[in-house]
Amino acid sequence: MRELSLHLLDIAENSISAGASRIVISVREDLVADELWLEVVDNGKGMSPEMVANVLDPFVTTRTTRRVGLGIPLLKQAAEACVGFLTVESELGKGTKLTAKFQHSHIDRMPLGNLEDTIITLLLGTPAVNWVFKYQFNDQSFEFDDTEFKEALGDLPLSDFRVIEFLSNTISDGITNTKIITTEEGVLYANH
Amino acid sequence: MPTIKSIDDLKRLREEAQKVKELRDQTGKTQIVIGMGTVGIAAGARDTLKAILTFIEEQHLPDVILRQTGNIGVGGQDPVVQVILPGAETVTYGKVTPNMAVKIMQEHVVKGNIVQDFRIEA
C-alpha cells in the first residue's frame, strides 16, 4: 500500500463483512504532539478475544477467518515502523474499534493520500451502510455524515456522477478548510 | 442540471431522475465487477474503479452496473475486472490499470469486442 487512505479502505471492508450498519472513520493529525491517529469504528458482529488475537497475527489467520486477511497486520507493521501501534478492541454483538497511531513526522510514514476517493469508494460500494468520516487537524475538525445526502436523494442511487462529484468536493473542501494553521501573519493552508 | 452545490440541488436531481427512470427499460444491463480485496486495493483497484466510473459518466452509459466485490480469487492478477455483457459469459481481465480499464470500456463494453490481450483465465 502506498497511502494510508488505501489502508483505511481495506480496513473498512472488514467492517462491512462484519455486517455493520454504521461505520465511522476518523483521521486525526496532531502536529503539536506529532501524532497521526486513524480509527475505524463499526457496530458489526464483533469478535471474540481469540479472534482479535488472530487478526493481528498474519501467520495465524486462516481461511476460516476469511473476513480478515493480511490487511490488519500490514497496517500494524506500518504503524509500528513509525514509532506507533495498532490496537483492536472488539466485543461480540457490539462491534469493533481499530486504532492506529503513527509518529506524524516519521520519515517512513506513508502519506494520507486521497481520503475523499476512499470514502466515495466505500459509499458507492456499500450504500446501505451509514458512513461517517471525521477529520481533525490540530484543534479544527470536519465531519461528514452521509445520512442527510441519502435522505435528499431518496431511492436514487449515489452513482450519478454529479452526485459523486458533489460528495467528493464536499469531503475534499472539508479537509482543506480544516487543515489550516493560524499564525500571527494570518492563516496558512497546510500541506501533507 | 449544472454542478450540484447543495442538498436542495440533490432533491431536484432526484425529481428529474424519477421522470427519466420511468421511461428506461430495466433489463439487459452490462455488469462490471471489480475486486476490492486487500491485494486489489494495494495493486491500485481504487484508481481503476475511478477510471471506469469516469468513463461511464463521460460516455453517458446508463445501462452499466458497476459492482465492487472482495477478492475475486485469481492470484497475482490484481486489479481484477470482470465484464458481463447481457446474455454473455463472464470475461475476466487481470492487472487492469486505469488506462487498460478505459480500453476495456471502449472496446468490450461499448463495442462488444473482448480485449484478448488483457484477458486472463479465471
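Here is the naming used below: chain letters follow the sequence lines, and residue numbers restart at 1 for every chain.
Only the side chain of B:Asp47 comes within less than 4.5 Å of a heavy atom of chain A; its backbone N, CA, C and O stay farther away. Looking at A:Thr170, neither its backbone nor its side chain comes within 4.5 Å of chain B, counting heavy atoms on both sides. With a threshold of 4.5 angstrom between heavy atoms, A:Thr126 does not approach chain B through any atom at all. Heavy-atom distances place no part of A:Ile120 under 4.5 Å from chain B, backbone and side chain included. With a 4.5 angstrom heavy-atom cutoff, B:Lys50 touches chain A only via side-chain atoms. In this structure, the portion of B:Ser6 lying under 4.5 Å from any heavy atom of chain A is its backbone and not its side chain.
Rounding to the nearest 0.5 angstrom, the gap separating the CG atom in A:Leu124 from the CG atom in B:Leu49 is 7.0 Å. For the atom pair OG1 (B:Thr38) and CD1 (A:Ile11), the distance works out to 7.5 Å, reported to the nearest 0.5 Å. Separating the CD atom in B:Glu57 from the CD1 atom in A:Ile164 is a distance of 8.0 Å, to the nearest 0.5 Å.
What you find for B:Ile7 and A:Glu148 is that their closest heavy atoms are CD1-OE1, 3.7 Å. Smallest separation of non-hydrogen atoms from A:Glu165 and B:Thr3: OE1-CG2, 4.4 Å. The two residues B:Gln68 and A:Thr121 come nearest to each other via the heavy atoms NE2-O, 2.8 Å. Across all non-hydrogen atoms, the minimal contact from A:Met1 to B:Ile41 is SD-CG2, 4.0 Å. The nearest pair of heavy atoms linking B:Leu10 to A:Ala152 is CB-CB, 4.0 Å.
Under a hydrophobic clustering in which Ile, Leu, Val, Met, Phe, Trp and Tyr are joined whenever their side-chain heavy atoms come within less than 4.5 Å, directly or via other members, B:Ile72 and B:Leu85 fall into different clusters. B:Ile104 and B:Val80 are members of different hydrophobic clusters when ILVMFWY side chains are connected at heavy-atom separations under 4.5 Å. Side-chain heavy atoms closer than 4.5 Å link hydrophobic residues (I, L, V, M, F, W, Y) into clusters, and following such links, even through other members, never connects B:Val33 to B:Val102. Tracing side-chain contacts under 4.5 Å through hydrophobic residues (I, L, V, M, F, W, Y), one reaches A:Ile175 starting from A:Phe149; they form part of the same cluster. Linking ILVMFWY residues whenever their side-chain heavy atoms come closer than 4.5 Å, directly or via other members, places B:Met105 and B:Leu66 in the same cluster.
Under the 4.5 angstrom side-chain criterion for Ile, Leu, Val, Met, Phe, Trp and Tyr, the cluster partners of A:Trp37 are A:Phe85.
For the side-chain hydrogen bond (donor to acceptor under 3.5 Å, both in side chains) test, no residue two or more places apart in sequence or in another chain qualifies with A:Asn138.
Between the side chain of B:Arg46 and the backbone N or O of A:Asn114 there is at least one donor-acceptor pair closer than 3.5 Å.
The number of heavy-atom neighbours closer than 6.0 Å to CD of B:Glu89, taken from other residues, nucleotides and ligands shown, is 12 or below. Other residues, nucleotides and ligands place no more than 12 heavy atoms under 6.0 Å from the CD atom of A:Gln77.
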### Task
In sequence, state the C-alpha distance, the side-chain angles, and the governing distance for A:Leu153 and B:Lys11, and then conclude on side-chain contact (heavy atoms from CB on, under 4.5 Å).
CA-CA 6 Å; A:Leu153 283 167; B:Lys11 288 177 183 159; over 6 Å; no

